[in-house]
2 protein chains.
Amino acid sequence: MAKVTISDVAQAAGVSKATVSRYLNKHFERMSPNTRQKIAKVIEDLNYQPSFQASALKSNRTHLVGVVVADVSNIYSTLLITGINQVAKDHGNQIMIGDASDDLDQQQESIELLLRQNVDGLIIQPMSQNPHAYDYLRKSGTPTVMVDRLTKPLFWPTVTSDDYDATYKLAQAVLAAGYQDILIFINEISAASTRQLRSQAFLDATKGKATVTLLETQNDDPQVVAAWLAQHPKVHPVVFAGNGRLLMALLLWLKDQGLTCPDDLGVCGYDDWRWAALVGPGISSVTQYPIQIGQQATELLVQLIDGAKIPATQVKVAADLNLRGSF
Amino acid sequence: MAKVTISDVAQAAGVSKATVSRYLNKHFERMSPNTRQKIAKVIEDLNYQPSFQASALKSNRTHLVGVVVADVSNIYSTLLITGINQVAKDHGNQIMIGDASDDLDQQQESIELLLRQNVDGLIIQPMSQNPHAYDYLRKSGTPTVMVDRLTKPLFWPTVTSDDYDATYKLAQAVLAAGYQDILIFINEISAASTRQLRSQAFLDATKGKATVTLLETQNDDPQVVAAWLAQHPKVHPVVFAGNGRLLMALLLWLKDQGLTCPDDLGVCGYDDWRWAALVGPGISSVTQYPIQIGQQATELLVQLIDGAKIPATQVKVAADLNLRGSF
DNA sequence: GTGAAAGCGCTAACAT
DNA sequence: ATGTTAGCGCTTTCAC
């Protein structure tokens, strides 16, 4: 049960620790096939597992990639992590998850924790658009890639969905369906670039052709929508829910009220993770590909870790528009 | 940019590394308030972050908790991890995720990787019911708690949903609705205790009162259901989908075929993560609470790590039955 | 109340 | 082709 160390292996194989270390790091260039086999056998027999901590301490490489998501319980995060994990693994890295719980301070704590773990690199879904909120990170010099949300200005390579484009197309479809009143049901808009881009796309696409009302919520409560509808009994608007959770909250409320779409009002959303196809006539929505975002971000990060210079530019991953029958 | 170490702090504060170390580990008992303040200030000024690797190496405590889930991309995993992370954090632990990608060999690789990281403890959603598949783990002596699935016999404390009970109630409701033919649409049944318990509950609850047909799938394809229905055009069965993914696959197929429930057939499921309430008349299903499972498992693990002896027994977390209008 | 020193398990010159 | 040696940054006796 006592942990077997490199010294045990060296002794059992009748060689020095250095030789075993060379074996571990695959420096076989000038090692006799004989010792190589001997070491292999001893490692097998003793079931030796080199300690990552020890090697990290000496080599200054932990092979750890830190990932800080806005909210772990979100499906977006799951898929992002899935993508990151796939390519991190391929490059011999282990990921370490941090959660910001949708809070900037908690995000900083998470990042600092990961920094203390001496992660080789970091992938962050930033809570703040102000890059200076991450100055402590820059000082640390840890290679970093941002995902999902932009900072202004851009200080790090950033991989996001093409939110504006996809939403613009959605808005055009809404217009084509003849809607004059558009409600944007969305979380606090100043906090994330994605939210701004999504509402801006609606604003731009419908300029002069429809009225757009921003209905912000702090707690995912469709009450704001309810209030608006109560005040405007005559209109037949379309509601755009700014993410999957809001879309679900909205639909649950509609169901509760006995309202149906598109009869009582039009509905569309973002990020339904496939279930929206099953609801009523099928909810029209935009689909993102977080797995791909994670993969691309990790590819970039791996290059950064290897010392590549990568400019702080945005990489966009296309998002798809699914037109169904909800408006 | 050069990493500041304990020596730097010691030097700047005019004390020895030992004293700084005492400060870091909160051994204030016999330390002059004076030096304590001095060190605090220097740490602040230098923005010193102690290295986890170094302290782990010496103290044999990494404060790392390894979590190996069956499939990271599954929502169940997300919620499990959320729960684990909450309590792990409270106890000063960092979690490290491993993914089995629904494969026993990959699971072993993931576990061994985490073992090399010298995790203080491990939470595993086991791919195999045979505890001997994890003998290498037991040899390592790493404190372990299993979640979601049982091994036979039980070698570790295990936290699961009360699958049998919840499913039994669901089966009773199905009977009460008058169904004579029950189809169980489920993944390879031999692989996981949850699947056995869920089908067994149906079998037990309906014994002599209805015929139960097991329709196993390897790839989540509802084709097996389609085939059965084609062969039995006259009957009006109810289909139980053994998990959320299967339920979604089934419903998408039904929609595609223009079939509706409960008119053409009854439908019920497991793990719908709330969206099933929105589909058609609302799909009746069982809801699990993976966050709680994760929390409880972590509480147990923390005690194990602290040296407590905890018997290898099962802890059950209740699952809820949501009766809606789908059968 | 504080310091000196040894050492955790590994790596990487530098020797030979 | 392999061994010797000196640490990496921290913790922890044991002194004083």
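Lettering follows sequence order; numbering is per chain, from 1. It should be emphasised that the depicted structure is a prediction, and the values quoted were computed from it without experimental measurement.
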Atom pairs and distances, side-chain donor-acceptor, residues 304-311 of chain A, under 3.5 Å, sequence neighbours left out:
residue, atom, partner, partner atom, Å
A:D306, OD1, A:R61, NH2, 3.4

All side chain to side chain contact (heavy atoms under 4.5 Å, CB included) counterparts of A:T5, not counting sequence neighbours
A:S7, A:D8
Which donor-acceptor pairs under 3.5 Å do side chains of residues 19-27 of chain B form with protein atoms, sequence neighbours excluded?
residue, atom, partner, partner atom, Å
B:T19, OG1, B:S16, OG, 3.3
B:S21, OG, B:N25, ND2, 3.4
B:N25, ND2, B:S21, O, 2.8
B:H27, ND1, B:N25, O, 3.4

Difference in axis direction between the ends of the helix from C:dG1-D:dC16 to C:dT16-D:dA1, five pairs, 10°
30°
Do any pairs count as a ring pair (Phe, Tyr, Trp, His ring centres under 6.0 Å) and have a residue in residues 39-65 of chain A, sequence neighbours left out, and if so which ones?
none
Whole angstrom value for the distance that separates P of C:dG9 from NZ of A:K3
9 Å
Nearest whole Å is fine: how far is C:dA12 C1' from A:E29 CD?
13 Å
What is the per-nucleotide protein-contact pattern of nucleotides 10-16 of chain D, from the 5' end, where B denotes a base atom under 4.0 Å from a protein heavy atom, S denotes such proximity for sugar-phosphate atoms only, and - denotes neither?
BBBB---
Separation of B:N118 atom CG from C:dC10 atom P, in whole Å?
9 Å
If the condition is side chain to side chain contact (heavy atoms under 4.5 Å, CB included), which residues does A:A70 pass it with, not counting sequence neighbours?
A:D102, A:Q125, A:M127, A:R149
Does the B:Y134 side chain pair with the main chain of B:S128, one donor and one acceptor, at a distance under 3.5 Å?
yes
Residues touching DNA chain C, which here means a heavy atom under 4.0 Å, drawn from residues 35-45 of chain A:
none
Residue list, side chain to side chain contact (heavy atoms under 4.5 Å, CB included) with A:N85, at least two apart or on another chain
A:I95, B:D99
Output the rounded distance in Å from CG (B:L46) to P (D:dG9).
14 Å
For A:Q129, enumerate each residue passing the side chain to side chain contact (heavy atoms under 4.5 Å, CB included) test, keeping only those at least two apart in sequence or located in another chain.
A:K152, A:S193, A:Q196
Would you mind reading off the distance between A:R116 atom CZ and D:dC8 atom P, rounded to a whole angstrom?
20 Å
Could you walk me through whether A:L137 and A:T144 pass the side-chain contact (heavy atoms from CB on, under 4.5 Å) test, one step at a time?
CA-CA 9 Å; A:L137 208 193; A:T144 299; 3.4 Å; yes
What's the CE-P distance between B:M31 and C:dG1, to the nearest Å?
10 Å
Take atom CD of B:Q117 and atom P of C:dG9, then tell me their distance rounded to the nearest Å.
16 Å
Partner residues of B:Y136 under the ring pair (Phe, Tyr, Trp, His ring centres under 6.0 Å) criterion, sequence neighbours left out:
none
May I have the list of side-chain donor-acceptor pairs in residues 289-300 of chain A shorter than 3.5 Å, sequence neighbours left out?
residue, atom, partner, partner atom, Å
A:Y289, OH, A:D320, OD2, 2.5
A:Q295, NE2, A:Q86, OE1, 2.6
A:T298, OG1, A:G294, O, 2.6

